[in-house]
Every structure is written in C-alpha cells, then in structure tokens.
Protein chains: 2
Amino acid sequence: MKLKELAEQLGLSQTTVSRALNGYPEVNKATRERVSQAAQKYGYSANANARRLAIGRIGAIGILMPRDRSERFGPHTSEFFSGLAEQLSQHEMDLLMSPSINNDELAAYRRLISSKRVDGIIITGPTLMDERVAMLTEAKFPFVLHGRTNIAAPHAWLDIDNAGAFRQAASHLIDLGHRHIAMIDGLKGHTFSEHREMGYREALVERGIAVDPRFIVHERFSDETGFHEAQRLLSYTPHPTAILAGSMMTALGIFRAIRSKGYELGKEVSVIAHDDVFPYLNASNMVPAMTTTRSSIRSAGSRIAELLVRVLDGEPVENIHEIWPVELILRQSSGPPVAPRR
Amino acid sequence: MKLKELAEQLGLSQTTVSRALNGYPEVNKATRERVSQAAQKYGYSANANARRLAIGRIGAIGILMPRDRSERFGPHTSEFFSGLAEQLSQHEMDLLMSPSINNDELAAYRRLISSKRVDGIIITGPTLMDERVAMLTEAKFPFVLHGRTNIAAPHAWLDIDNAGAFRQAASHLIDLGHRHIAMIDGLKGHTFSEHREMGYREALVERGIAVDPRFIVHERFSDETGFHEAQRLLSYTPHPTAILAGSMMTALGIFRAIRSKGYELGKEVSVIAHDDVFPYLNASNMVPAMTTTRSSIRSAGSRIAELLVRVLDGEPVENIHEIWPVELILRQSSGPPVAPRR
DNA sequence: GCGATTACCCAAAGCGCTTTGAATTTAGGC
DNA sequence: GCCTAAATTCAAAGCGCTTTGGGTAATCGC
C-alpha cells in the first residue's frame with residue numbers, strides 16, 4: 001500500500017493524506033481522523049527512503065564499529081547502544097552501525113558522511129587529539145562526542161568526570177589510611193584514561209603522597225590484564241594496599257590476584273572499581289560487595305542521542321557540553337588497611 | 001556534489017556516469033576510468049536514500065533491541081553485533097538497530113517491515129513457539145533466526161548444538177565420577193535453555209543417574225543469580241559436586257558461591273560454563289582456568305549475516321539451516337570429585 | 001561499399017514521498 | 001446578500017538516483 005493508493009481509496013489528494021498523517025495544521029480534524037483510520041486499516045506506513053529523500057533528512061544516526069578489538073568495543077558497548085536506541089526511538093530515528101573497513105577509520109567516517117546514510121554521528125573513546133573529532137569538525141558534519149578532547153574547535157560532547165571519580169576514590173582511600181595506592185586503568189592516550197590518572201595524581205599530591213610510577217598501569221580492559229598486573233603490583237615491597245580499577249572486568253582479575261596472593265579483599269588490600277552499571281554484573285552482590293565509582297553508561301548513551309538530535313535541530317555546538325559527576329559508592333571491598341597476617 | 005553535477009562536469013549524461021560507477025558493462029573502459037577519477041576527486045558518493053528508492057532495495061538489515069533487559073541483551077550482544085556488522089560491510093549493507101517501543105515487540109517488527117527501512121531481519125533468542133518467527137514467516141518477510149523453534153513452517157536459522165554441549169559436559173563430569181550434577185541456565189521457554197536441559201537430562205539418563213529436579217535451575221544470566229542459586233544448591237545434602245553454568249557471568253557468581261562455602265573449585269565442586277568467547281573475559285586465564293563449552297557468538301553473527309544475504313538473494317529458506325557443534329574445552333575448574341575436607 | 005551488428009551513450013520516465021503555490025469552500029463582517 | 005479572510009484541499013514540481021528504450025557512431029562480414 002502506497003500513499004497514492006491510500007489517497008485514492010479515501011478520495012483525497014496525496015497532499016492532504018500526507019499532511020494529515022504528518023500532523024500538519026491545515027487539514028480538517030474529521031478528515032485527519034478518517035485518514036488515520038484508513039492508514040491503520042490498510043497498515044500503511046510511509047516508505048522510509050522516499051520520505052527521507054523528499055524531506056532531505058536521513059532519519060538515522062551513525063556509529064562506527066572499530067574493527068579491531070579496541071577499548072571501544074567491550075561489554076559497555078551494548079549498554080551504551082541500548083541507551084542510544086532507546087532515546088532515538090522517541091525521535092523516530094534509527095541507529096546505523098557501520099563497521100570500519102580495513103582499519104582505516106577516518107576513511108570509514110568519510111564514506112559514511114558522503115554516502116549520506118546518516119544525519120549525524122556519535123563518536124566514542126576519543127584520544128586527547130582525536131583525529132576523528134578534528135576531521136568531522138572541519139567537515140562540519142554534526143556529531144556528538146562521548147568523552148572529551150583537547151581540541152579547541154567547538155564541538156558537542158558529553159563526558160563523565162573521570163578525573164573527579166579517581167580523585168574521589170583515591171582521596172577516600174587516603175582518608176582510610178592507605179599510603180600505597182595503585183591504579184590499573186585503560187590504555188594510555190585515551191582521554192578518560194589520562195583524566196583518571198590526573199585525578200589519581202591530584203589526590204595523592206594534595207595529601208603529600210609520592211606518586212610511584214610503577215603503581216600506575218595502563219592496559220586493555222580485561223580480567224586477564226587485571227589479574228596479571230595486580231599480581232605484579234602485589235609482588236612489590238611495599239605493595240599497594242589499595243588498587244583502583246578502571247573497569248569491572250579489570251576488577252574481577254584483580255580480585256583473583258589478591259586472593260591468589262592470600263590477601264583478604266577489603267582488608268589487606270582494598271579495591272575500588274569504576275562501574276558502568278551492567279545488569280548482569282552487579283557490584284553490590286559480589287563478595288565482598290565492591291566499592292565503585294558509578295556512572296551509568298546506558299544513561300549517557302540516552303542523553304547523547306538527545307544531544308545529537310539537538311545539534312541536528314541547529315543548536316550551536318558550543319552550548320553542548322556536559323560533564324556528569326560520578327558517584328562513589330562505598331561497599332566492602334574498600335576499608336582501612338590491615339597488616340597482612342604473616 | 002550530486003550525480004547531475006558530476007555528469008555535467010564530465011560532459012556525460014547521468015545515465016553513463018551512474019552506469020560507470022555501478023560497474024555496468026555498456027560503458028567504455030576509458031570513460032569508466034575517467035568517471036571514477038572524477039568521483040574520487042570530488043568525493044562523490046551516491047545519496048543512499050535516492051539510490052535505494054530507485055533500486056527498491058533498502059541496503060540494510062534490521063535487528064530489534066528488546067526494551068526490557070531480557071536474556072537477549074547481555075554482554076554477548078555486542079560480540080554478536082560485531083560479527084554481524086563485520087560481515088555486512090562486505091556486502092555494503094548497514095545494520096539498523098531499532099528499539100522496540102512500549103514493549104510491544106510484534107508491533108515493532110511490523111512497523112519495521114511496513115516502513116521499509118530494512119530488507120531483512122535477524123531475530124535472536126527465540127522461544128520454542130516464537131511468535132515473531134510465526135509472524136515474519138506468515139508475512140513472508142526475509143529473516144534469519146539465531147536459534148531454533150519448533151515451528152514447522154520453513155524458515156532460515158542457525159543454531160549451536162546446545163543439547164550436545166550440555167550432554168557432552170554432563171557426560172564428561174559423569175566420566176570423572178560425579179553423580180550429583182546441577183545446571184544453572186537461562187530462563188525457561190527459550191529454546192537454547194530447553195535444549196540444554198534436554199542434553200543434560202539425556203546424559204544423566206543414559207548413565208542411569210536420577211534427575212533431581214532441584215538441581216535444574218532456570219534464571220536470568222547474571223553473576224548475582226549464579227551466586228544465589230549456587231549457594232542454594234550447595235546447601236543441599238548431598239549437594240552437587242559439579243555445576244553446569246549457562247553463561248560466563250553465571251559462572252562468576254557460582255565461583256564465588258563455591259568459595260564462600262569453603263569448597264575448592266575444580267576439586268570439591270567442579271564447574272563447566274558455556275562460553276560465548278569474550279575478548280575481555282578469558283576462561284583460560286581464570287584461576288583455576290575454567291572448563292567451558294565454547295562457541296564464538298561473534299562468528300555466529302558473521303555467518304548469520306551471510307545467510308541473510310543469501311535469503312535476500314532468493315535462496316530458498318528451507319535450505320538454510322546450520323547447527324554448529326560446540327567444543328568442550330577441558331581446563332582446571334572440572335576434575336574428579338574430591339570429598340570435602342570436613 | 002553497404003547493410004547488420006556491436007559498442008557507447010543519452011533523454012526521459014519513474015521510485016514514493018513532501019511541499020509549494022493556487023484553487024475552492026466556508027465563515028465572518030457589515 | 002455581497003465581499004474578504006480564513007480554512008481546506010489539490011495539482012504538480014521536485015528530492016537524487018536507476019533504468020528503459022532509443023539513438024548514433026564505430027566495427028564487421030562478405
């Protein structure tokens with residue numbers, strides 16, 4: 001069933017039917033009602049391509065999937081997507097996932113833009129001088145960044161307060177009496193990683209605690225690296241009595257390392273992990289319950305979609321910046337340092 | 001830059017330029033070359049909507065994201081998507097994620113079809129009499145199912161051998177000497193869950209071991225349920241000396257429960273988990289390394305995309321069925337039962 | 001050298017929708 | 001009851017691309 005046929009059925013012009021369906025004011029209430037009824041009855045729904053061709057808007061936003069297994073594609077991804085999609089459905093927009101081809105990311109972005117398959121783009125996991133941000137800004141293509149960069153040119157972004165999260169967590173550990181605090185976070189170069197390290201350093205420096213470079217680890221987020229790095233850290237003398245973990249997966253590995261060394265978690269060694277909030281991995285139900293810096297990445301996705309819609313509606317990007325605070329949720333994996341039993 | 005302009009630049013007709021770019025034979029080699037060069041130079045790329053409107057094919061396949069936090073949206077999702085997207089890029093197709101609105105899934109599918117935004121659909125996590133499968137089959141809309149149903153009408157699907165996986169795992173445990181084996185799997189009703197239970201039962205029955213209904217648990221996949229259910233199971237007398245876990249997250253919870261009861265994993269209580277293969281959660285690096293039934297969900301996604309393309313190309317759906325075997329990878333979390341120390 | 005192919009290229013007709021500009025009714029004012 | 005303004009409705013012109021149905025020039029067979 002197409003518009004033309006529906007219009008014929010109703011004895012109306014395509015114009016009127018189209019307007020009735022799209023909620024334009026210049027159509028009689030009774031007529032509009034009649035049209036909706038008919039559309040319902042025949043299961044009519046506009047051909048998305050034709051509509052978009054006519055309207056000039058694509059009705060979809062894009063997100064590139066890195067081909068390699070970078071930090072940008074982990075368990076948090078599905079949560080983030082879920083948030084995006086949820087919001088986009090409010091605006092009748094689709095989410096287009098485009099995989100980058102032969103690892104030339106920038107080319108993939110260009111292709112995505114030039115083929116006009118999306119109105120805007122969402123980019124995630126930026127580096128401090130992210131070239132994608134630079135490119136899209138220059139191309140004047142609408143986008144919202146999840147994260148931040150040091151790039152001066154104005155662009156829209158939403159980020160969580162990574163520095164604050166780690167500063168707060170480290171401060172808290174210091175308050176508890178810890179003096180040897182390590183951090184195992186994501187790969188260097190990524191903004192979030194740099195910011196977290198900054199926050200960590202600030203907390204230590206503020207309290208006059210020397211920063212031991214061996215205690216700052218940047219690695220892929222995985223239980224495996226968490227395990228290995230924590231084992232290494234715990235073999236030092238003195239070893240850290242507290243570890244900040246950049247992800248839940250890392251924390252799982254760290255937990256294992258602590259146990260394998262015979263230490264008690266939350267006593268001899270404390271751990272505070274950053275939690276993106278996964279429905280299937282609950283920090284509060286672990287044993288001991290995990291102290292976390294928490295920020296729902298699902299909510300962030302949802303909000304970012306909203307912001308992108310605003311960018312598309314013409315809101316100046318220089319107005320679109322949000323930094324979300326991160327909560328520190330105290331649970332049992334962090335406590336005052338206790339001397340080892342041996 | 002649009003086709004018309006490009007054609008003018010070249011002093012050719014739109015027809016010729018279009019044909020040159022799309023690889024049609026009736027265009028001079030030199031001309032084709034000249035056109036490609038120019039397209040490259042001006043960064044021309046066809047407007048996807050116009051192209052699709054003309055061509056009648058959408059160039060995208062759809063996948064619905066359940067709004068609720070069902071089994072269908074977990075950590076495996078991003079891996080599955082990743083596989084899909086990787087394959088689709090070979091065919092210049094997009095992946096459209098559409099969130100279901102107000103939890104009326106069927107309506108969301110209908111909307112997706114009638115608005116002609118996708119050529120085909122991928123559906124996952126079916127129940128035995130999945131209504132989506134029934135609906136799409138009846139509507140004659142192309143789709144490929146990840147999983148299986150009992151629906152007789154022919155439709156394309158790819159599934160892993162869930163029954164075989166659990167049968168194999170249970171058999172192995174029996175070989176090791178276990179007589180009290182439990183399973184904690186996903187929610188009842190889902191095909192994979194039913195099949196796994198079937199496999200488990202078969203293995204026990206085959207060896208003359210009575211099936212204890214208390215030992216069969218169906219729950220959401222999460223570390224939390226793994227923990228609670230395993231705790232419950234281990235409080236029975238006699239308690240299971242081995243547990244099959246339906247997911248890695250469940251297994252994490254089970255591990256915790258075993259430890260919290262003071263049992264040694266792989267000795268007093270064995271665990272075999274199903275592993276979809278996550279880059280960030282590696283079974284072989286756990287301590288003890290986890291015995292798993294392994295099947296890459298990423299590969300499945302990739303293959304399913306390929307199958308859907310074939311369906312779209314007109315291959316009869318009754319030819320498209322694949323059951324993938326599941327490997328049992330023996331590691332240290334499973335071993336002969338050892339009597340508890342007390 | 002001439003008709004018949006073959007190779008290339010083109011103008012124009014859609015694809016199904018939105019929107020402009022105009023026409024037709026209907027309502028309002030005196 | 002007549003004129004003007006407001007309320008409805010419509011015909012037709014795109015949106016940018018593919019494809020049909022011809023053309024024209026180059027090539028071939030004899």
Side-chain angles (χ1 to χ4, degrees), chain A residues 1-36 38-39 42-60 92-94 111-119 312, chain B residues 1-39 42-60 92-94 111-119:
Chain A
M1 171 68 75
K2 49 182 77 166
L3 182 61
K4 192 175 171 188
E5 293 163 18
L6 184 63
E8 275 166 8
Q9 280 291 328
L10 286 160
L12 286 171
S13 72
Q14 295 187 42
T15 311
T16 305
V17 176
S18 168
R19 284 187 163 145
L21 257 22
N22 290 319
Y24 280 65
E26 57 271 74
V27 46
N28 193 318
K29 195 163 176 194
T31 311
R32 184 193 306 280
E33 186 58 28
R34 201 158 63 90
V35 172
S36 318
Y42 295 110
Y44 171 81
S45 172
N47 176 312
N49 284 323
R51 169 167 231 274
R52 289 164 177 172
L53 175 58
I55 215 169
R57 250 211 195 190
I58 318 288
E92 303 231 327
M93 297 192 81
D94 296 321
R111 211 178 70 100
L112 191 57
I113 295 176
S114 68
S115 67
K116 280 161 210 103
R117 283 174 303 168
V118 296
D119 294 312
L312 295 177
Chain B
M1 172 67 76
K2 50 183 75 167
L3 182 60
K4 192 174 170 188
E5 292 164 18
L6 184 62
E8 276 165 8
Q9 280 290 330
L10 285 161
L12 287 170
S13 72
Q14 294 187 43
T15 310
T16 304
V17 177
S18 168
R19 285 187 163 146
L21 257 23
N22 290 320
Y24 279 67
E26 57 272 74
V27 45
N28 193 319
K29 196 162 177 196
T31 311
R32 185 192 306 280
E33 186 57 28
R34 202 158 63 89
V35 172
S36 318
Q37 298 272 319
Y42 296 110
Y44 171 81
S45 172
N47 176 312
N49 283 324
R51 169 167 230 276
R52 289 164 177 174
L53 175 59
I55 215 170
R57 249 214 195 190
I58 318 290
E92 304 230 327
M93 297 193 81
D94 296 320
R111 211 178 69 101
L112 191 57
I113 295 177
S114 68
S115 67
K116 278 160 213 103
R117 283 174 301 168
V118 296
D119 294 312

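Of the two residues contacting DNA chain C, namely B:A54 and B:S13, the nearest-nucleotide position lying further toward the 5' end is that of B:S13. Nearer the 5' end of DNA chain D, as judged by each residue's closest nucleotide, is the contact made by B:N49, out of B:N49 and B:R19. The residue among B:N28 and A:N22 whose nearest nucleotide of DNA chain C is located toward the 5' end is B:N28.
Remark: P of C:dT6 and NZ of B:K29 are 22 Å apart, rounded to the nearest angstrom. Atom pair A:R57:CZ and D:dG16:P shows a separation of 16 Å (rounding to whole Å applied). The separation between A:I58 atom CD1 and D:dC17 atom P is 11 Å, rounded to whole Å. The interatomic distance linking A:E26 (CD) with C:dA22 (C1') rounds to 14 Å, in whole Å. Between the CG atom of B:N47 and the P atom of D:dT18 there is a distance of 10 Å, given to the nearest Å. In this structure, the CZ atom of B:R51 is 20 Å from the P atom of D:dC15, given to the nearest Å. For the pair B:L53 CG and C:dA13 P, the computed distance is 17 Å after rounding to whole Å. Atom P of nucleotide D:dG21 and atom CD of B:Q14 are separated by 19 Å, given to the nearest angstrom.
When the nucleotides D:dC17, D:dT19, C:dT18 are ranked by their closest atom to the side chain of B:I55, D:dT19 comes out on top. Of the candidates C:dA12, D:dC10, C:dC17, C:dA12 carries the atom nearest the B:T15 side chain, counting heavy atoms from C-beta on.
Residue B:Y44 has a polar side-chain atom (N or O) positioned under 4.0 Å from OP1 or OP2 of D:dC17. OP1 or OP2 of C:dG16 has at least one side-chain nitrogen or oxygen of A:K2 nearer than 4.0 Å. The phosphate of C:dT19 (OP1 or OP2) has no side-chain N or O of A:S18 nearer than 4.0 angstrom. Neither OP1 nor OP2 of C:dC9 sits under 4.0 Å from any side-chain N or O of B:Y24. Taking only side-chain nitrogens and oxygens, A:T16 never comes nearer than 4.0 Å to OP1 or OP2 of D:dT9.
Using a 4.0 Å heavy-atom criterion, one finds that B:R52 contacts no nucleic acid atom at all.
At least one donor-acceptor pair under 3.5 Å links the side chain of A:S115 to the backbone N or O of A:R111. Distance alone, capped at 3.5 Å, places no donor-acceptor pair between the A:N49 side chain and the B:N49 backbone.
When side chains are defined from C-beta on, B:N47 does not count as touching B:K2, because their heavy atoms never get closer than 4.5 Å.
Counting all heavy atoms, side chain and backbone alike, A:A48 lies closest to B:R117 at CB-CG, 3.2 Å. Contact between A:L6 and A:A38 at its shortest, heavy atoms only, is CD1-CB, 4.0 Å.
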